[in-house]
Amino acid sequence: GAGNAGVGGGNDFQWCFSQVKGAIDEDVAEADIISTVEFNYSGDLLATGDKGGRVVIFQREQEGNNRSHSRGEYNVYSTFQSHEPEFDYLKSLEIEEKINKIRWLPQQNAAHFLLSTNDKTIKLWKISERDKRAEGYNLKDENGRLRDPFRITSLRVPVLKPMDLMVEASPRRIFANAHTYHINSISVNSDHETYLSADDLRINLWHLEITDRSFNIVDIKPANMEELTEVITAAECHPNQCNVFVYSSSKGTIRLCDMRASALCDRHSKFFEEPEDPSSRSFFSEIISSISDVKFSHSGRYMMTRDYLSVKVWDLNMESRPVETYQVHEYLRSKLCSLYENDCIFDKFECCWNGSDNAIMTGSYNNFFRMFDRNTRRDITLEASRESSKPRAILKPRKVCTGGKRKKDEISVDSLDFNKKILHTAWHPKENIIAVAATNNLYIFQDKIN
Amino acid sequence: MEFKVEAHRIMSISLGKIYNSRVQRGGIKLHKNLLVSLVLRSARQVYLSDYYQGVCLNAQTMDTAQPWPPGETMDSELDENDSREHELPHEVGSDVRTSTPERPGSPVPALLNDAVAAPQPVAPPQLPSRRCSNAAAREGEANATRECGALGGVESDSDTPSNPPAASFCRKRRSCEKMTTPPPESPLKKIKQQQQPTATTNTTTTTTTTTAAQELPPPVGDGEEEMDTSNVSSLISIFGSSFSGLLGKESPASEPGAEDSEPDPPSGQICCEQVLKNIAPWSTAIVAF
C-alpha cells in the first residue's frame with residue numbers, strides 16, 4: 001500500500017520510529033508534560049522543557065558502532081531544574097515554573113549554552129562536561145577538606161586524572177523583572193550577542209551579558225487597557241539579518257520590524273495580513289485566526305505562521321497574502337463550538353521547517369502530526385503512538401474520515417482524542433530526524449532510505 | 001431562534017471561562033481572556049440582533065438568587081443600587097406595558113435614576129432602547145451592563161407581543177428590569193466612581209444576594225461547568241468590561257451620551273458598548289496585573 005513516501009525527502013523516503021522517551025504510565029503527572037522541544041544548531045543536542053520547570057537534554061551518540069539502518073540514538077545528556085514556581089507577593093500571583101521556550105545559542109567553545117524561559121524570567125544555562133579531575137592538591141585532601149598547613153612537608157603538582165563523564169548545568173545569567181505579562185517567545189539574534197523576549201504586549205531586547213537592563217523595542221499596550229484589541233503571540237529574529245525581527249498577533253497579523261529604523265519599533269516596516277473570507281465567519285473566527293507560532297525559514301526568505309486550522313507560508317516580499325496555505329485539520333471547522341467549550345480551541349500549536357526549507361511540520365490531535373512537502377504538495381498524517389513504536393518500524397499514514405462511510409484504518413472525527421495533542425515538534429537542522437512531543441513522551445523518528 | 005439559544009449558550013460558557021480564569025495557576029492569561037471576550041462580544045451581537053428581530057422565547061427568571069459570591073463591595077453595591085432603584089421617575093413607569101415584572105420595584109426607570117451618574121446630560125429617549133442607552137451612558141457602567149446582561153439572562157418575557165414595536169419595547173424594558181436586579185452592576189459602578197457603599201434598606205435584595213452567593217458553584221475544579229443563566233448578567237457585568245475596546249471597535253466614535261444621534265442598530269448593543277467602555281474595575285485589575 002502507500003507508504004509515507006515522498007514527504008520531506010525524495011520519493012524513496014519513509015519515516016520510521018526511532019525512539020521514545022518518557023514514562024509509559026497512563027496516569028500522566030502534569031509536571032511531566034513536555035512544553036517545548038528544540039534541537040541545537042548542529043542537531044547533536046535535543047532539549048526539552050516541561051511543565052515542572054525541568055530541562056532534559058539528549059545527546060546523539062556518535063555513529064561509532066555502525067548499524068546501517070539506524071543513526072545515532074539520542075540519550076540523556078543532562079537534566080536540571082531550570083525554573084521553580086514563584087510567588088509574586090505584590091500582585092498575589094503565582095508564577096508557573098513551566099518552561100515556555102528553550103533556545104540554543106550557537107556553540108562557541110566546548111560548553112553549550114541555552115536560554116530557557118518561563119512566564120517571567122529568562123535564564124542562560126551553561127552545560128559543560130567534566131571528564132577529568134585534579135588530584136594531588138597540596139592544601140586539601142582527597143575529600144576536599146583543608147589540610148593543616150603545618151603538616152605539609154612537601155609540595156607536589158596536582159595531576160589531571162580521568163573520571164566518569166559528568167555534565168554540569170549552571171545558570172550563568174538570570175534575566176528577570178522585565179516582563180509584566182506572560183513571556184511567550186525568546187529568540188536569539190544572528191549577531192550572537194543579543195536576543196529578544198516577547199510577552200503579550202511588549203518585546204524586549206537583551207544583551208546576553210547584561211542582566212540588569214533590557215531595551216523595550218515594541219510596546220502595544222494601549223493607554224487604556226479597556227481598549228485592548230490584540231496581543232503579541234510570538235516573535236522571532238531573522239536568521240541572518242540581525243536588525244530584523246517579526247512578531248505575530250492574536251488578530252492573525254504579522255509585523256516585520258527593522259531595528260535600524262528607530263529605537264522603538266512600534267511602527268512596522270511590513271505588515272502581513274490575509275483578508276478574511278467573509279463566508280467562513282463564525283463566533284470563533286477571531287480565535288482561530290490568532291497566530292500561535294511564527295518561524296522564519298532557514299534561508300530567511302520565507303516565514304511560516306500557524307493558526308488554529310492551518311499553516312501559512314509567507315514570502316517576506318509579499319504582504320498581501322501568504323504564498324502557500326496548508327490545512328492541518330479542516331474537519332475541525334464544524335466542531336469549533338465544542339472545541340471552544342473544552343478549551344481546545346486555545347491550544348497553541350507550533351510549526352517547524354526542515355533543514356532545506358522544502359518541508360514543514362506541525363501537530364494536531366489524537367497524537368497526529370502533519371507534514372507538508374512544499375515542492376510536491378504532498379502531505380501526510382502520522383501518529384506518535386506506543387503501538388507503532390517498534391524499532392525502525394515504518395510509520396503508517398493516518399487518515400481522518402470526515403463523513404459518510406469510514407474506511408478501514410480511518411478514524412472518524414468524533415473518535416479523535418483531543419487530550420492527545422501534539423503542540424511541539426522539532427526538525428533536525430540538517431537531517432531527516434524529527435522530535436515530536438506527545439504529552440509526556442518524546443518520540444524521535446527518522447528516515448529510512450529504501 | 002436557534003442562533004439566539006446558541007448565542008446565549010456561548011455567552012454563558014464564555015463568562016464561565018472568564019470567571020474561572022481568576023483562579024487559574026499562573027495568573028490571568030491575557031491572551032485567552034481577550035479571545036474569550038471576542039467570542040462573548042460576537043455572541044452578544046447575535047443574541048441582540050435576534051432579540052430585536054422579535055424572536056420570542058420564554059423568559060427565564062432573572063431574579064433568582066444572585067450568582068455572585070460576596071465580593072468586597074458587592075453587597076453594599078447592591079444595596080445602594082437597590083435603594084436607587086426605588087427612586088423611580090414616573091415617566092418610564094407609565095410606559096411599562098408588561099405585566100410580569102420579575103422584580104417588583106425594579107423597573108427600567110431605575111436605570112434612569114442616576115444617583116451616581118456619570119456627568120452626561122440625560123437626553124430625552126426616543127425609543128425604549130435609547131432610554132436604556134442613555135441610562136447606560138449616564139450611569140457609566142453597571143446599569144447598562146445590567147441591560148446588556150440581559151443578553152445573557154433574558155430570553156424574553158412571557159408576553160406574546162401583539163404589536164411588534166410595542167412588544168419590542170416591552171421586551172427591552174423587561175430585560176432592563178431584569179438586569180436591574182442583579183447586584184454586580186452596582187459594585188462595578190461603585191468601584192468606578194470610587195464611592196463608598198451605603199447601607200441598604202432593601203433587605204429582600206440583600207437576602208437574595210446572600211442566597212445567590214451561597215448557591216454559586218465553586219469556581220475551581222471543572223473549568224467547564226455550565227453556568228446558570230442567572231449568573232450571566234452578573235458575570236458579564238463584572239468581567240465583560242475588561243476588553244470593552246473590542247466593543248469600541250464597532251462604534252469607535254460613540255461616547256456616552258452621544259448615541260442619540262446615531263442610527264439605530266440594535267440599541268441594546270450600543271447600550272452594552274457604552275457601558276462596557278465605561279466600566280473600569282476589571283480593567284483596573286488588568287492594569288494592575
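Every chain is numbered from 1 and lettered A, B, ... according to where its sequence line falls, protein lines coming before strand lines.
Among all heavy-atom pairs drawn from Leu228(A) and Leu34(B), the shortest one is O-CD1, 3.8 Å. In terms of heavy-atom proximity, Glu286(A) sits nearest to Ser42(B) at OE1-OG, 3.7 Å. The shortest heavy-atom contact between Asp119(A) and Gly26(B) is OD2-O, 4.5 Å. Heavy atoms only, all atoms of each residue included: Cys337(A) and Glu6(B) are closest at SG-OE2, 3.2 Å.
The neighbour count for Tyr89(A) OH, taken as heavy atoms of other residues, nucleotides or ligands under 6.0 Å away, does not exceed 12. Taking a 6.0 Å sphere around CD of Glu330(A), one finds it holds more than 12 heavy atoms contributed by other residues, nucleotides or ligands. Atom CG of Asp417(A) sits in a crowded spot, with more than 12 heavy atoms from other residues, nucleotides or ligands closer than 6.0 Å.
Looking at heavy atoms from C-beta onward, Phe284(A) lies in side-chain contact with Ile10(B) at the 4.5 angstrom threshold. Annotation: side chain of Val39(B) is in contact with side chain of Ile287(A) (closest heavy-atom distance under 4.5 Å).
Interface residue Ser290(A): only side-chain heavy atoms are found under 4.5 Å from chain B. With a 4.5 angstrom heavy-atom cutoff, Thr233(A) touches chain B only via side-chain atoms. Both the backbone and the side chain of Phe283(A) come within less than 4.5 Å of a heavy atom in chain B. Using a 4.5 Å cut-off between heavy atoms, Ile345(A) does not touch chain B at all.
Rounded to the nearest 0.5 Å, atoms CG (Leu38(B)) and OG1 (Thr229(A)) are 8.5 Å apart. Note that OH of Tyr308(A) is 12.5 Å distant from CG of Leu35(B), once rounded to the nearest 0.5 Å.
Note on Lys17(B) versus Glu341(A): no salt bridge recorded, every NZ/NE/NH1/NH2 to OD/OE distance being 4.0 Å or above.
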Could you check Arg25(B) against Glu97(A) for salt bridge (charged side-chain N to carboxylate O under 4.0 Å, His left out), going step by step and ending with a plain yes or no?
CA-CA 10 Å; Arg25(B) 201 165 165 249; Glu97(A) 67 276 28; 2.7 Å; yes
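Side-chain atoms of His31(B) do not come within 3.5 Å of backbone N or O of Glu230(A) as any donor-acceptor pair.
Tyr181(A) does not carry Lys29(B) over the face of its six-membered ring by the limits of under 6.0 Å from the centre and within 45° of the normal.
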